[in-house]
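All figures in this text were calculated on a predicted structure; none of them were measured in a lab. In what follows, every chain begins at residue 1, and chains take the letters A, B, ... in the order their sequences are listed.
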Amino acid sequence: MKLLEYESKTLFQAHRIPVPPSGGVIRTMAQLPAALRRAGKGPWVIKAQVLAGGRGKAGGIKLARTPAEAKEAAKSILGMTLVTHQTHGQGLKVREVLVECGAKIEREIYLSVVMDRKACGPTIIASAEGGMEIERLAAEKPEAILRQPVDPSTGLPDFAARRLAFQLRLPPERVAQFCHLVKSLVWLFLEHDCSLVEVNPLVLTPKGLLALDGKVVTDDNALFRHPDLAKRRDPELSVLEREAQKADLSYIALDGTIGCMVNGAGLAMGTMDTIALAGGKPANFLDVGGAADEERVTKAFQIILKDPKVKAVLVNIFGGIVKCDMIASGILAALKKVQLRVPLVVRLQGTNVEKGRELLSQAKVKIVSAEDLWDAAKKAVEVSR
Amino acid sequence: MSILLSKESRLVVQGFTGGTGTFHSKQCIEYGSNIVAGQTPGKGGTVHLDRPVFNTVSEAVRQAGANVSLVFVPAAFAADAILEAADAGVALVICITEGIPVLDMARVKRALDASARSGTRVRMVGPNCPGVITPGECKAGIMPGYIHKPGRIGIVSRSGTLTYEAVHQTSQQGLGQSTVVGIGGDPIAGSNFTDILELFEGDPATEAVVMIGEIGGSAEEEAARFHRERMSKPVFAFIAGRSAPPGRRMGHAGAIIEGGSGTHASKVKALREAGVTVVENLSEIGATVAKALKQKASV
């Protein structure tokens with residue numbers, strides 16, 4: 001789960017990582033004057049709270065020297081639809097704005113802790129060239145990036161923290177503060193089961209180091225030991241995705257026209273790919289799970305059909321332990337409960353496949369039966385046109 | 001011959017008496033797998049599915065001679081179960097459990113690596129995988145046994161149902177499988193593609209390998225390098241997620257394109273450059289392998 005900047009900074013503060021004086025988050029213009037007062041003396045920075053990088057360039061971050069400027073900035077940002085290079089052409093509606101005091105920046109540093117799949121553990125990534133997006137830096141100046149693997153049980157030792165400080169060419173009087181900060185960042189990562197904690201930039205000011213921006217991504221698998229996070233509403237999910245999550249279905253909305261219901265994440269991806277190969281576009285990713293029973297299939301149909309773009313539905317189920325005739329009866333029972341407004345193509349394979357297909361052929365609703373996945377994908381593309 | 005599992009494998013099931021453990025243990029026993037014991041803390045001394053239940057894995061190893069552990073323990077306790085199996089001295093731990101926190105796996109992996117350095121190598125497969133099967137000999141996992149046929153293709157995969165697809169197709173082509181290994185869809189796994197490719201390369205019964213990868217991470221790129229430098233057997237690959245958008249986790253925790261890396265295109269390119277045959281159409285895996293092997297035989 002990705003946390004917004006202000007949520008990340010709340011965690012930073014709890015771990016004594018210095019952040020700029022904050023006036024908090026506002027959701028309406030009426031809340032602005034109090035937020036400015038809480039933040040303290042200007043200038044202030046007004047920042048859109050959305051889950052995407054590149055906010056500044058897209059007009060989502062503005063500097064204000066006077067309360068009047070702050071009002072103008074907040075007005076333009078609150079409610080705007082932000083399109084950045086990271087939103088893949090879609091816009092994100094800004095519902096929350098963070099009000100902070102500006103900082104005097106002497107230098108910008110990049111600092112993050114990331115779950116490194118190759119090293120099988122957390123790794124600190126740092127660069128003296130902050131402010132830039134790390135992917136771009138990695139492409140253009142790979143030699144400017146420092147890497148420090150971390151033991152997931154014991155955290156970062158002092159000597160490794162110090163070495164990083166010297167490699168980042170910090171002034172001697174800031175080394176101790178940096179060591180404390182980077183060690184705290186590692187603990188935050190470990191304690192909250194993160195997959196990414198990023199400070200970009202970490203800035204050097206006349207008064208010391210400051211985390212000017214913050215990004216935290218946590219591991220969904222570990223939500224069971226973080227009840228606060230588990231309760232949090234994931235702002236990244238669409239209405240349908242949230243509904244699917246409640247039903248324990250893995251669903252991701254896409255922009256095509258062929259709704260998919262598949263058992264297994266890999267096969268669900270493979271089905272989307274096959275649809276694309278056949279000239280169509282999938283409307284969603286949906287893993288209905290190993291136990292594709294009546295209840296889950298019904299819920300999956302309901303969610304898929306709520307997407308107005310859907311022009312056909314393709315069900316692809318490999319019946320292994322759960323046999324095809326059981327799955328077919330589940331589909332038939334589900335079809336009695338949902339109003340099917342588009343053509344349905346079903347491909348069943350696995351145990352008792354003949355029995356399953358026979359059951360489907362007796363259905364009242366017309367079901368296009370397919371031999372294999374390629375056949376199913378071609379038929380789905382055809383009927384969706 | 002085969003890899004990882006054979007008729008000699010003696011299985012202990014961790015989480016034996018739970019719902020999932022019971023259901024799938026029964027299926028494995030019906031298939032002919034030699035489950036010699038089960039483990040559930042607190043249920044030691046009882047008998048379940050006609051097998052003795054022990055409180056600890058080390059008792060199952062010492063008293064029942066178990067040498068492979070199959071883990072069905074819930075996610076919150078699974079990492080500890082894996083460490084217990086490794087500590088007890090089994091040679092192989094197969095973890096089916098889905099949803100283990102990544103940091104837990106990072107700690108497990110570190111512990112296993114440290115013990116390998118000190119001379120005790122415990123191989124781990126999974127988590128979040130269908131398990132391992134050597135057709136006709138031993139099934140340790142949740143895959144439907146009947147779709148498999150003893151044969152000459154090794155299959156290694158990050159995805160469960162996609163594996164069944166590849167198994168089904170190679171069975172239909174009459175090729176069959178030497179061993180099928182699900183390495184799982186998590187970001188950190190006990191075994192990666194290269195570990196299993198190395199085993200298949202050394203297995204006389206395996207003639208060719210089908211590798212099912214997906215977007216995210218760099219395991220496929222590493223496999224490509226391994227194939228180019230160290231493998232003589234042909235490898236056929238399918239990579240799922242060509243149409244997946246970046247930044248979204250496609251069901252599996254590991255199937256996510258992050259910061260522009262782990263894309264379908266980069267994996268296909270690396271594999272092709274290493275001489276791996278990449279199959280674009282999922283439905284043509286079996287046919288592609290059969291055709292290539294036939295051509296090879298006629299040369």
Is [X] reaching over with its side chain to a backbone N or O of [Y], donor-acceptor style, under 3.5 angstrom?
X: A:R117; Y: B:A189; value: no
X: B:S243; Y: A:A276; value: no
X: B:R248; Y: A:I252; value: no
X: A:D287; Y: B:G251; value: no

For [X], which atoms come within 4.5 Å of any heavy atom of chain A: side chain, backbone, both, or neither?
X: B:I212; result: neither
X: B:R242; result: both
X: B:M105; result: neither
X: B:Y164; result: both
X: B:H24; result: side chain
X: B:I188; result: side chain
X: B:E214; result: side chain
X: B:E98; result: neither
X: B:S283; result: side chain
X: B:R158; result: side chain
X: B:Q169; result: neither

At a 4.5 Å cut-off on heavy atoms, which part of A:D219 comes close to chain B: side chain, backbone, both, or neither? side chain
Could you tell me which portion of A:E241 (side chain, backbone, both or neither) has an atom closer than 4.5 angstrom to a non-hydrogen atom of chain B? side chain
If you look at every heavy atom in B:A240 and A:G270, which pair is closest and at what distance? CB-N, 4.3 Å
Given A:G319, A:G256, A:A377, A:S153, the one with more heavy-atom pairs under 4.5 angstrom with chain B than any other is A:S153
